[in-house]
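Here is the naming used below: chain letters follow the sequence lines, and residue numbers restart at 1 for every chain. Just so it is clear, the values below take in all heavy atoms, side chains as well, and ignore hydrogens, waters and symmetry mates.
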2 protein chains.
Amino acid sequence: MRKNDINSIEIARIAGVSRSTVSRVINNYPNVPQATREKVMQVIERYGYSPNFSARIMTGMKTLTIGLFLISPEAIHDTLTHALIGDVIESASSRGYYVLTHIIRSTGDTETVRKVKDTFYQRRIDGGIFIGAANHEPFIEELIAKGFVAGIVDQHLEGRIEPNRVICNFDNKLGMKQGVDYLVGLGHRNIAFIAGDPLRCSGPERMEAFQDAMAAHALKVNPDWVLPSDFSERSGYQSTARWLQSISDLPTAIFACNDSVAFGALRALNEAGLRVPDDISLMGFDDHLLSSRIQPALTTIRVNFSEMIDMLTRQVIETVEDETQMFKKYVGTAELVIRDSCRKV
Amino acid sequence: MRKNDINSIEIARIAGVSRSTVSRVINNYPNVPQATREKVMQVIERYGYSPNFSARIMTGMKTLTIGLFLISPEAIHDTLTHALIGDVIESASSRGYYVLTHIIRSTGDTETVRKVKDTFYQRRIDGGIFIGAANHEPFIEELIAKGFVAGIVDQHLEGRIEPNRVICNFDNKLGMKQGVDYLVGLGHRNIAFIAGDPLRCSGPERMEAFQDAMAAHALKVNPDWVLPSDFSERSGYQSTARWLQSISDLPTAIFACNDSVAFGALRALNEAGLRVPDDISLMGFDDHLLSSRIQPALTTIRVNFSEMIDMLTRQVIETVEDETQMFKKYVGTAELVIRDSCRKV
DNA sequence: CTGAAAGCGCTTACAG
DNA sequence: CTGAAAGCGCTTACAG
């Protein structure tokens with residue numbers, strides 16, 4: 001009772017043809033006369049037959065499934081990540097693809113990594129998308145080397161342009177420049193920076209872009225004012241709290257590597273009795289869904305995650321379907337959004 | 001190069017045993033001597049072998065995959081739905097399960113529904129979870145009748161307690177009672193209600209609970225003050241805007257069937273020049289992530305979606321793994337959260 | 001304890 | 001245009 005108990009051999013018998021012909025009809029082979037095709041189709045419809053998926057895969061057919069792998073040490077309660085997941089599913093579904101998702105708590109967990117790799121090796125998916133990966137994550141590189149198609153968010157490897165590699169980024173340089181220009185325009189000279197995860201591509205990239213943008217105004221970056229963090233609200237909070245206790249001089253502004261970190265920093269600042277923007281200005285990056293809602297509304301750099309994910313998903317699918325595709329990289333633009341968290345000094 | 005080119009027959013040859021034995025080792029059969037087991041395991045490790053997934057499924061093994069099907073006419077941009085998806089993935093991943101997701105734009109789209117059903121019939125998944133389904137959605141009932149395990153959010157069918165049916169709800173009666181009691185306690189007598197999707201279980205259920213709670217205070221529900229809607233912000237907005245133009249008397253409070261609808265209603269009220277809570281009080285249901293952030297912060301009934309989803313996912317997996325499980329239903333509690341959108345009259 | 005063989009349900013050269 | 005047969009890679013009674 002728990003199986004679709006009719007198979008191609010039954011269909012063939014009822015239609016009075018061979019399984020070969022049934023298969024040809026299903027797979028739209030051109031060399032089937034219209035009359036035969038219709039006769040077979042009628043039987044297929046009548047019995048609600050659809051070919052067994054696993055059996056088809058074993059013959060090397062596509063799975064119409066894209067893998068989505070989230071690399072995240074903590075439970076995923078971040079609205080932004082949730083939205084990214086939704087966007088992948090949305091984009092893939094609209095193209096008739098299923099999405100097979102799994103969370104990788106740690107890339108050091110060999111069993112989970114193994115399961116994820118098997119997903120490719122065993123052809124459960126046609127290609128995969130990775131969110132939260134370190135730049136140059138070895139097991140992903142291994143998959144790419146094996147020829148599997150992989151789409152990676154926030155990744156950059158100089159010179160790696162395999163046709164089965166699809167990557168996407170934002171224009172961090174442009175974004176950081178706009179943010180720093182704006183702060184400098186407000187009169188800020190002493191600007192702290194909360195850095196992102198050094199292992200992720202955009203961590204060092206935003207940091208470097210920040211330094212370049214400062215240098216363009218002939219401003220120095222005070223090493224005591226560069227805080228470590230990892231893109232999470234929690235670490236933004238902890239890092240800022242610790243830093244506030246350790247320093248004597250305060251900058252007039254803080255540029256956080258992203259909005260989540262800015263949320264954490266804001267909380268730490270408030271707890272230390274500092275008001276934003278009256279006592280200190282705070283700038284984020286990403287334009288998180290909540291950024292316009294918090295108190296004070298966060299001035300930030302807007303990037304378009306939905307568009308990026310849609311592009312990435314689309315290109316992964318296109319690459320899967322047409323192996324002659326070339327290396328693809330998407331770089332989303334960035335734009336300053338002025339709200340209430342920065343003020344003139 | 002694109003396949004895991006070693007198979008059980010090769011492993012068997014190298015280890016000097018038969019494929020049968022390799023299979024027994026992999027599947028932890030008890031009747032394999034320790035020495036043999038280790039010999040085989042070593043070869044498996046060395047070659048990074050893992051059995052082909054499709055081939056295993058064809059022999060009737062489990063897939064360790066749960067389906068997640070979202071029934072939603074529009075693109076999913078709702079934070080709450082995103083969070084639900086994340087929770088399913090989180091819960092399933094923590095139990096070693098993959099999640100196969102697909103969006104169903106319309107249950108009238110026979111091709112998509114067919115693809116979803118095939119997902120069960122072809123054993124691509126061990127069981128499925130449905131979000132956004134109408135109460136008594138025929139194709140889901142068909143799957144349950146066939147013996148597949150299905151977990152359904154927001155569903156209730158009197159007397160349907162098949163062991164492979166898993167459902168979850170919130171205590172709408174309790175929630176509505178608390179909300180109405182609170183409003184009445186603030187002096188409100190004239191309370192409008194924005195109803196949810198009549199096809200979904202909690203639509204009529206919340207409506208009825210509202211009426212019961214009103215009746216308990218001997219209050220009548222004015223039929224002109226019952227607005228249709230479908231749980232979406234858009235419909236909350238449209239319905240409220242239209243209603244405001246059509247009526248002469250205003251109630252002193254509006255109870256929305258959920259927070260999204262309340263957001264829409266709030267916008268319509270503001271556009272009509274009405275202030276919440278000064279001119280009219282507004283109460284939501286669900287405690288949406290944004291409810292504490294909006295202006296004014298929304299008074300609402302809090303339910304715990306994460307816990308509900310985790311429970312549902314867990315029970316679906318347990319039912320899949322142990323067919324002797326009985327019918328399971330989860331009813332989450334509901335609790336009043338007082339914020340700023342309701343005032344005394 | 002272990003191997004040979006059947007069986008799962010397809011697709012696709014191959015031969016006609 | 002179409003069928004018989006091989007092959008995909010497993011698992012699991014069956015027989016020993």
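OP1 or OP2 of C/dC10 lies within a sub-4.0 Å distance of a side-chain N or O belonging to A/Tyr49. Contact annotation: B/Ser23 reaches the phosphate of D/dT11 (side-chain N/O to OP1 or OP2, under 4.0 Å).
Counting to the nearest Å, the P atom of C/dC1 and the NZ atom of B/Lys39 are 14 Å from each other. As rounded to whole Å, 14 Å separates atom C1' of C/dT12 from atom CE of A/Met58. Per the geometry, CE belonging to B/Met61 stands 11 Å off P belonging to D/dA13, to the nearest Å. As rounded to whole Å, 15 Å separates atom P of D/dG9 from atom CG of A/Asp118. A straight line from CD of B/Glu10 to P of D/dC10 spans 11 Å, rounded to a whole angstrom. Atoms CG (B/Asn52) and C1' (D/dG7) sit 13 Å apart, rounded to a whole Å. One interatomic measurement links the two molecules: CG of A/Asn7 to C1' of C/dC10, which rounds to 9 Å at whole-angstrom precision. Distance CD1 (B/Ile9) to P (C/dG3): 13 Å, rounded to an integer number of Å.
Taking B/His102 as the reference, A/Tyr98 meet the ring pair (Phe, Tyr, Trp, His ring centres under 6.0 Å) condition, with sequence neighbours excluded. Applying the side-chain hydrogen bond (donor to acceptor under 3.5 Å, both in side chains) rule to B/Lys39 yields no partners; only residues at least two apart in sequence or on another chain are considered. Every side chain to side chain contact (heavy atoms under 4.5 Å, CB included) that B/Ile9 has, sequence neighbours left out, goes to B/Asn7, B/Arg19.
Within 4.0 Å (heavy atoms only), B/Ser54 reaches no atom of the nucleic acid at all.
For DNA chain C, the stems formed by at least three consecutive Watson-Crick or G-U pairs, with both atom-pair distances below 3.5 Å, span C:1-3 with D:14-16, C:5-12 with D:5-12, C:14-16 with D:1-3.
Remark: B/Arg124 is positioned above the aromatic ring of A/Phe53, its terminal NZ or CZ atom under 6.0 angstrom from the ring centre and at most 45 degrees off the axis.
Across all non-hydrogen atoms, the minimal contact from B/Ile125 to B/Gly67 is CG2-N, 3.7 Å.
Comparing A/Thr59 and B/Ser8 by the nucleotide of DNA chain D that holds the closest heavy atom to each, the one mapping nearer the 5' end is A/Thr59.
Listed nucleotides: C/dC10, D/dC10, C/dA13. Nearest to the side chain of A/Arg24: C/dA13.
Ion pairing between B/Lys115 and B/Asp109 fails under the 4.0 Å rule for side-chain N and carboxylate O. Here B/Arg13 pairs with B/Glu10 in a salt bridge; the nearest charged N to carboxylate O distance falls below 4.0 Å. Ion pairing of B/Glu318 with B/Arg314 is present here, as a side-chain N (NZ or NE/NH1/NH2) and a carboxylate O approach within less than 4.0 Å.
A/Val88 has its side chain within reach of A/Ile129: a pair of non-hydrogen atoms, C-beta onward, lies under 4.5 Å apart. Put simply, the side chain of B/Asn135 does not reach to within 4.5 Å of the side chain of B/Leu199, judged on heavy atoms. You'll find the side chain of B/Gln155 stays beyond 4.5 Å of the side chain of B/Arg200, heavy atoms only.
Taking the six-membered ring where the residue is Trp, A/Phe69 and A/Phe120 present tilted rings, their angle falling between 30° and 60°.
In the interface, the side chain of B/Arg123 is not paired with the base of C/dG9 through any donor and acceptor atom under 3.5 Å apart.
Taking every heavy atom of residues 26-35 of chain B and every atom of DNA chain D, pairs under 4.0 Å involve B/Asn27, B/Tyr29, by number. Against DNA chain C, the stretch residues 13-22 of chain A makes heavy-atom approaches under 4.0 Å through A/Arg19, A/Ser20.
When the C1' atom is compared between C/dT12 and C/dG16, the two are found 16 Å apart, to the nearest whole Å.
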